[in-house]
K.L.:
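The structure follows.
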Amino acid sequence: MKAYFNHIYQAVSTIMVGMSITVKQMFRKSVTIQYPEQRLQLPERERNRLFVNMEDCIGCDQCAKACPVSCIDIETVKVVPGDIVGKTGTTSQGKKKALHVTNFTIDFAKCCFCQLCVFPCPTECIYMTDVFEYSTYTRKELKYQFSDLTPEQGEQKKKMLAEYNAEQEKKKALAAEEAAKKAAEPKPAENKGETKTESDNTKES
Amino acid sequence: MEITDIYNKLKKVFGDGIGELKTDVPVSPFFFADRSKINAVALFLRDEESLQFDNLSCLSGVDYDKDNLAVVYHLFSYALGHSLIVKCLIPKSDPKIQTVSDVWAAADWHEREAFDLVGMVFEGHPDLRRILLPDDWEGHPLRKDYKVPEFYNGMKVPY
Amino acid sequence: MLSNFGQVLVFMIISIAFIAVAIITAKIVAPRFPSKGKYSTYECGEETVGDTWLRFNFRYYVVALIFIIFDVEIVFLFPWAVVFKSLGVLSFIEMAIFLLILIVGFIYAYAKGDLYWDKPQPVIPKLERQIFKSEE
Amino acid sequence: MEIGLNHYLALGAILFGLGLFAMISRRNAILVLMGIELILNAANINLVAFSRYNGLGVDGQVVSIFVIILAVAEAAIALGIVLNLYNNFATVDIDEANTMKD
Amino acid sequence: MGNILTQWLGDNLLTYILIPVPVLVWVLVFALYAVLGERKVSAWMQNRIGPNRTDKFGLLQTILDVVKLIQKELIIPNRADRLYFRIAPYIVFTATFMGYAILPFSSVYIGVDLNLGLFYFFAITSLSVIGVLMAGWASNNKYSLFGGMRTVAQIVSYEIPTALSALVVVMLAGTLSMQKFAEIQSGGILNWYIFGGPGSVIKIVLIPIMVVSAVILFISTLAETNRTPFDLTEADSELVAGVHIEYSGMMFAMFFLAEYAQMFAVSGVVTTLFLGGWQSPFGDLVPFLNTPVFQVFWFLAKSLFLVFVMMWLRWTLPRVRIDQLMTMCWKFLIPITLVNLFLVGLYIILT
Amino acid sequence: MGILNKLDISVEQFESGNIIITSMDKLLNWSRLSSMWQMFFGLACCAIEMMATSASHYDLDRFGIIPRPSPRHVDIILISGTVTLKMATRIKRLYDEMPAPKYILSMGSCANCGGPYWEHGYHVLKGIDRVIPVDVYVPGCPPRPEALLEGLIKLQDKIRNQSLAKHTA
Amino acid sequence: MSELRTEELTINMGPQHPSTHGVLRLVLTLNGEIVTDVKPVLGYLHRCFEKHCEAMTYPQVVPYTDRMDYLNSMNNELAYVLAAEKLLGIQVPERVEYIRVIMCELQRIASHLVAIGTYGNDAGAFTPFLYCFMDREKVLELFEMVCGARLLYNYIWVGGLSHDITPEFVTKTKEFIKYFRPRIKQINNLLSYNKIFIERTAGIGVLPQDVAVNAGVSGPTLRGSGVKFDLRKDDKYSIYDRFDFDVCVGWGERGVVGDCWNRYIVRAYEMEQSLRIIEQAIDNIPEGDVQSAVPKRVKPVVGESYVRTESPKGELAYYIISDGSLNPYRIKARSPSFCNLSVINQISRGHMIADVVMILGSFDIVLGCIDR
Amino acid sequence: MPITTILFYVLAFIIVVSAVMVVFNKNVIHSAFALFFTLFAISGIYVLLKADFIAITQIMVYVGGILILLIFGVMLTTKITNVELKTKNLNVIPSVIFSLGIVTILIFIIFSTKWNIKQAVENEETITHIGKALLSTYLLPFEIASVVLLVALIGSAMFARKIKD
Ligand code: SF4
Ligand code: SF4
Ligand code: SF4
């Protein structure tokens with residue numbers, strides 16, 4: 001009998017406690033962020049859409065290698081002598097750019113926003129922004145092209161290289177030794193060495 | 001109990017069923033057990049008063065090398081607080097091994113998973129079906145030579 | 001003109017008419033795109049296994065059974081409660097006897113466990129052999 | 001035509017006939033039960049009709065309440081029997097159950 | 001009949017057809033805004049805002065919901081029983097709506113003042129059981145069938161404590177007419193039946209009994225309307241959506257409507273029985289507050305408060321299990337109401 | 001039966017001009033876009049963000065979106081997470097069971113195209129659009145709640161500009 | 001002769017079901033409302049984690065471990081990273097260890113909040129669910145501040161961390177601790193000690209100790225059965241031995257030891273303990289560089305390592321075999337949910353449908369972790 | 001035609017049609033659902049007969065109680081979809097003839113008898129009269145009814161238990 005009334009007492013009292021909590025909450029201010037009108041101040045480390053500053057990109061492919069998802073697609077074309085990359089041919093830090101980046105796409109439909117691509121970049125030109133509002137109606141639009149060269153220009157550069165190569169071939173036929181030297185020049189080994197030292201700097205930041 | 005003591009004890013009971021103790025491998029020592037004796041070994045490990053491996057922490061199927069698969073047992077004893085690694089080699093030509101699911105209930109699903117992904121057959125397992133992949137899936141994906149199928153159920157698999 | 005229950009009938013007709021109108025409007029307006037899967041039975045996205053119209057839990061029957069007895073009792077209680085004040089003690093005793101007899105039945109059914117819904121009868125798993133010994 | 005006692009009685013009769021038919025022709029025991037319910041309802045209609053038109057007054061209604069009670073008791077018990085029958089013979093077919101007895 | 005419409009429009013058929021219309025309109029308006037209210041109340045309790053994108057306060061939200069539901073395809077699954085699948089929503093809603101006929105909105109407006117009012121209400125609302133059973137069975141879906149069965153068992157068994165605890169008031173009032181219940185409780189808050197009804201000082205002994213009765217009546221009506229903590233029939237975490245699973249578009253809306261309509265109906269009954277119906281709490285102290293228009297206000301206010309309590313409970317409590325539900329009914333509610341009944345009987349005899 | 005089916009034609013006939021139909025159109029579209037009931041359905045990590053979106057901080061209810069468990073009651077299905085081959089058939093089935101004006105929002109990289117699993121995921125469906133038509137793709141892994149809301153607003157825009165009955169179904 | 005037994009009814013619960021916590025499918029065999037058999041069907045979220053790892057380099061695996069148990073990324077990362085570090089023989093700086101502990105404990109709170117919230121939701125109470133999510137949002141804010149992501153962080157790296165913490169983080173964390181203590185009490189009042197909730201969970205799904213151990217159950221589920229075992233105390237990985245905290249076990253305060261309520265309440269207690277650990281750690285973070293030990297090129301020797309950690313769900317272990325190349329040869333994740341779930345059939349027989357929901361909820365499973 | 005006449009015919013029509021459905025339907029559960037309409041319409045007939053208390057009792061007990069019991073009984077005993085009317089021709093025709101015969105005879109008798117028609121006093125408050133009658137004139141049957149119910153309860157509970165074991 002005692003248990004019987006104890007049951008009732010417990011039920012009633014705990015329900016009362018619960019109800020008092022909910023009713024108290026009713027008069028608190030709501031925590032809702034009313035999104036389109038009201039936005040959160042996002043922290044500066046926010047990891048959302050990537051951005052590549054093509055001014056600085058040297059086309060070293062480090063980011064693409066670091067990406068676990070392989071969603072970065074880089075296609076580079078060697079610079080033929082006499083041509084320069086972009087306007088100045090150097091990065092903002094004054095490093096010489098030796099590759100035309102004809103195609104630099106990041107497929108944000110695949111990207112997992114892990115930020116692994118950001119750290120190895122020697123020129124700190126790929127970074128994450130706080131832009132997250134870029135949903136689309138078609139999936140193709142999610143593939144972002146960062147290269148500042150249009151496809152035609154890219155074709156042109158390729159052609160230039162092919163012509164240049166052909167020229168070289170010709171020269172090679174003429175003077176084998178000289179040609180070999182020249183062909184080696186456009187991909188300097190120092191680039192790789194630089195990457196390492198650069199990446200140390202990036203990690204500290 | 002130290003691993004060598006455990007090993008010696010086992011060696012005494014099972015003799016040839018236990019391979020040599022490998023301690024040179026970085027990280028943790030282990031030994032091989034014979035795949036046809038593993039059930040008895042497991043039961044011994046569990047029930048022997050001084051061992052009391054009451055918990056099978058993990059059971060992993062591995063595509064070990066060119067012609068062998070392996071099952072790795074990570075054992076732990078709640079009662080005595082020591083752990084042990086036992087491995088069993090299984091030739092790929094005849095991927096059969098005794099089950100330990102009657103010794104540790106935990107092995108039940110792990111063995112199904114190993115069967116599913118690596119493709120060894122646990123003899124005596126009560127319900128050896130695929131567990132993660134659909135029943136009509138072909139192949140065992142964690143084998144090194146696994147080829148991703150082109151189509152499954154009319155859906156294209158590769159990107 | 002209309003009796004009271006006539007009014008109730010009007011209520012009924014109006015409500016049926018309302019639903020009919022609502023559903024028919026929906027029928028007229030709503031699009032229809034029949035497709036093969038659309039008319040399949042929902043079961044969390046899986047194919048239904050077995051027949052739905054099966055014999056079901058016996059408990060439901062017993063509840064209905066006991067309810068119906070009490071239902072009748074309530075039917076008697078209502079006229080009694082209405083006239084109770086004017087009839088006084090005697091009717092109270094009469095009703096008390098009536099109720100008592102039924103309560104006997106209630107207690108009987110209760111004691112025999114007929115009123116218990118199927119309680120969970122948990123099967124606590126056991127190992128054949130005690131393996132693990134707790135430290136404490 | 002003004003609705004009178006006859007109409008109600010005729011309705012009762014038809015209902016009774018249908019119930020009777022269900023009772024004798026259907027072999028599903030539960031349908032037989034439904035037939036019985038129909039018959040009891042027919043009887044009730046008659047009772048209430050008489051109470052209204054034949055001066056039975058409130059008595060007819062009270063009696064019909066008792067009929068309803070009987071119907072309840074009957075339904076409860078009969079269903080119990082039917083279910084038992086089903087339990088033992090795995091059928092609600094009356095004839096089948098009959099033959100199975102021996 | 002004491003109905004305001006009969007006075008205005010005279011005693012002809014049109015009047016009678018018009019009487020239910022305000023009630024229907026009220027049911028619709030109530031259902032629309034109760035759904036919204038529920039969403040808002042839950043939002044506030046959870047520190048949210050609730051619908052506010054349609055307009056500033058989301059007032060159009062549920063209306064748009066309905067417009068959308070009209071556009072939804074009506075699906076009748078292949079395996080369903082087509083006839084009864086269609087009929088079920090009619091029965092469920094009609095049964096509920098017919099219950100509204102006896103709700104006394106004010107001293108001059110009531111659908112129909114049956115002298116068997118309360119009894120009628122219990123009988124007619126229990127009809128919806130058949131509709132639910134039909135829906136559950138005809139959907140030919142296991143979850144639906146389970147939901148239907150559970151609803152039936154639940155409603156059917158809670159009908160007993162509902163009726164028994166209402167009987168306490170019937171005994172004291174000696175009538176079943178809803179209008180009379182309300183009339184008897186005139187004269188201020190102390191004469192409400194929850195405080196023992198009109199009477200001399202001795203009625204103090206009645207107060208605990210009446211409070212318990214009122215609470216039990218409220219709990220069991222809660223169970224009859226399938227609200228949390230007793231919403232086993234559409235318990236999403238077990239039965240997905242119970243009997244409604246296979247219903248889409250407008251047919252589903254009808255079930256939804258019926259559920260909310262029933263919420264108000266039972267609140268109205270509890271109000272009439274225990275909270276003085278349309279009586280003003282100040283009695284005749286402020287006669288102005290007891291005019292018919294204000295009566296409507298009081299009635300609605302009290303009923304809506306009960307509806308709010310229902311929502312409040314819903315957003316606070318977890319749901320009980322079916323066997324606990326049944327045990328609660330048989331083991332707690334029915335014995336207590338029987339004792340109450342006996343005590344009130346004794347009280348009446350002794351005074 | 002199915003006026004919305006047929007009006008499709010009449011809209012084209014009257015082209016620009018029939019005010020009743022256009023305002024009707026507006027109302028219907030408005031109602032559809034502001035009461036998108038969502039299927040109570042989550043797949044993987046994105047589902048957690050979806051839940052976070054419907055929780056107090058972001059409150060999907062503001063948009064009139066409430067979760068309903070049964071596909072018969074819902075208008076929109078948020079594919080929130082990795083779709084595996086085993087699950088794809090089930091999703092297709094659930095999608096089929098939804099009544100006509102229905103929308104799909106693909107949330108997160110996985111649903112868009114297999115996401116991080118597109119390369120080696122032998123058991124991952126590379127994009128839900130291989131099975132059912134998608135209305136809006138929300139990128140992110142997982143998308144922030146705001147991103148999901150933005151996707152929903154995009155979807156609302158899409159519905160707003162629909163003509164009567166020309167929905168994906 | 002056939003009996004008037006209810007016919008056995010097979011009913012699918014899931015993959016799309018509000019209370020299966022994702023895409024799990026339970027095939028229930030029912031006798032009336034009583035469950036006679038539960039067959040979990042897994043694999044609806046099998047994302048080929050282990051195959052993926054074989055194609056990744058060691059640092060690249062980290063994002064995938066995040067996605068395994070997505071409610072609990074930090075602990076997953078930690079477990080994997082510890083295993084990899086053991087293989088590589090890396091000793092990380094003190095500061096890193098401290099930050100890792102703080103992060104993992106915050107993550108534990110977040111994870112338990114989801115567990116408790118969804119458990120309330122399973123029981124039919126929606127409001128506690130949202131309260132829990134509100135508090136979880138606060139934790140996520142902290143994470144977002146440090147590493148920029150809300151759910152999948154890729155924060156703990158092999159040999160270090162991706163970012164250092166900021167002073168703001170420290171103050172905010174302290175604020176959070178202050179804010180959160182009373183909230184635990186509130187949740188307990190609202191849900192844990194509610195009579196209906198106790199009725200629903202106490203005595204349901206009793207899992208005796210020895211069965212639990214034999215079935216490989218771990219974490220709060222094991223402690224709910226009264227086994228006082230916590231890898232943080234008993235295995236002392238990372239620097240957990242420096243902190244003073246209690247191992248919470250269910251002792252049958254309500255119901256019996258090993259039932260759903262005890263499993264549930266262990267989580268509520270553990271949040272309190274996590275707060276204690278954070279409190280002790282947050283004031284003592286030594287100075288240092290968080291990336292000083294990050295290797296340029298992660299290329300371990302041939303070998304293997306197995307590290308067990310205590311994740312909020314239970315014993316989470318990674319088994320890494322290296323063949324000396326850049327990519328791991330084989331990674332096996334021993335996921336706690338996988339082992340915990342495997343006892344569901346044993347302990348839910350004879351219960352009702354509603355109880356199965358509660359039992360499932362009390363394991364706090366995450367499908368990403370089960371199916372991998 | 002006065003409204004009551006129309007109502008009577010409508011109700012009679014519903015009753016007869018649904019009763020026919022009850023009797024002839026192949027699916028027992030359809031019969032049970034059809035019985036719902038029969039019983040409901042019969043309560044309408046009671047209303048026409050000015051027996052409101054009986055009408056409501058009819059709804060409450062028959063529709064809300066017995067019908068549910070019957071439906072549950074059907075659901076318990078059969079695989080509902082498979083229940084076919086397994087009647088041999090032999091059985092149907094004689095019973096049709098027999099029932100029809102009885103109905104004709106009854107109707108003939110009904111219409112040929114001169115019933116002693118007395119218009120009863122219209123009393124609005126049937127319930128008080130019934131209540132009083134129950135507690136005075138019909139006291140004995142009233143108390144016996146409780147015994148009957150008790151017996152029914154115990155008996156059916158016993159049956160139920162027998163089935164369960
Ligand atoms: S964020 Fe991660 S997934 Fe995205 S591009 Fe960079 S490395 Fe690849
Ligand atoms: S790592 Fe930086 S510089 Fe190199 S290709 Fe990528 S973005 Fe360009
Ligand atoms: S997109 Fe990213 S967060 Fe979403 S399910 Fe896929 S892996 Fe998880």
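Predicted, not measured: the structure shown is a model, and the values here were computed from it. By convention in this document, chain letters (A, B, ...) are assigned in the order of the sequence lines, proteins followed by strands, and residues within each chain are numbered from 1.
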K.L.:
When you measure from the centre of the six-membered ring of G:Phe133, is the NZ or CZ of G:Arg136 under 6.0 Å away and within 45° of the axis?
P.N.:
yes

K.L.:
What residues, two or more places apart in sequence or in another chain, satisfy ring-ring contact (aromatic ring centres under 6.0 Å, His included) together with G:Tyr80?
P.N.:
G:Tyr318

K.L.:
Name the region of G:Glu168, side chain, backbone, both or neither, that has any atom closer than 4.5 Å to a heavy atom of chain A.
P.N.:
neither

K.L.:
Name the option with the most non-hydrogen atom pairs under 4.5 Å to chain A; the candidates are G:Arg150, G:Met145, G:Glu144.
P.N.:
G:Glu144

K.L.:
With a 4.5 angstrom heavy-atom cut-off, is it the side chain or the backbone of G:Tyr155 that approaches chain A, or both, or neither?
P.N.:
neither

K.L.:
If I take atom CZ from residue G:Arg95 and atom CG from residue G:Asp164, how far apart are they, to the nearest 0.5 angstrom?
P.N.:
4.0 Å

K.L.:
Please look at A:Pro43 and chain G and tell me whether the side chain, the backbone, both or neither of the residue comes under 4.5 angstrom of a heavy atom of that chain.
P.N.:
side chain

K.L.:
Is G:Thr166 close to chain A through its backbone or its side chain, or both, or neither, when contacts mean heavy atoms under 4.5 Å?
P.N.:
side chain

K.L.:
Check residues 53-68 of chain G and write down every donor-acceptor pair under 3.5 Å in which the side-chain atom is one partner and the other belongs to a residue at least two apart or another chain.
P.N.:
unit_1	atom_1	unit_2	atom_2	d
G:Glu54	OE1	B:Lys144	NZ	3.1
G:Gln60	OE1	G:Thr57	N	3.3
G:Gln60	NE2	A:Lys65	O	3.1
G:Gln60	NE2	A:Ala66	O	2.7
G:Gln60	NE2	A:Cys67	O	3.4
G:Tyr64	OH	F:Pro116	O	2.6
G:Thr65	OG1	G:Val62	O	2.6
G:Asp66	OD2	G:Tyr153	N	3.3
G:Asp66	OD2	G:Asn154	N	2.7
G:Arg67	NH1	G:Pro63	O	2.8
G:Arg67	NH2	A:Cys112	O	2.9

K.L.:
Shorter than 4.5 Å, heavy atoms on both sides: which option in A:Gln115, A:Glu44, A:Gln25 has the most such pairs with chain G?
P.N.:
A:Gln25

K.L.:
What residue, out of G:Asn194, G:Val146, G:Leu152, has the most heavy-atom pairs lying under 4.5 Å from chain A?
P.N.:
G:Val146

K.L.:
Given the ring of G:Phe180, does G:Lys138 sit roughly above its face, with NZ or CZ under 6.0 Å from the centre of the six-membered ring and within 45° of the axis?
P.N.:
no

K.L.:
The test is side-chain contact (heavy atoms from CB on, under 4.5 Å); show your working for G:Asp371 and G:Arg47 and say whether it passes.
P.N.:
CA-CA 7 Å; G:Asp371 294 344; G:Arg47 298 193 280 193; over 6 Å; no

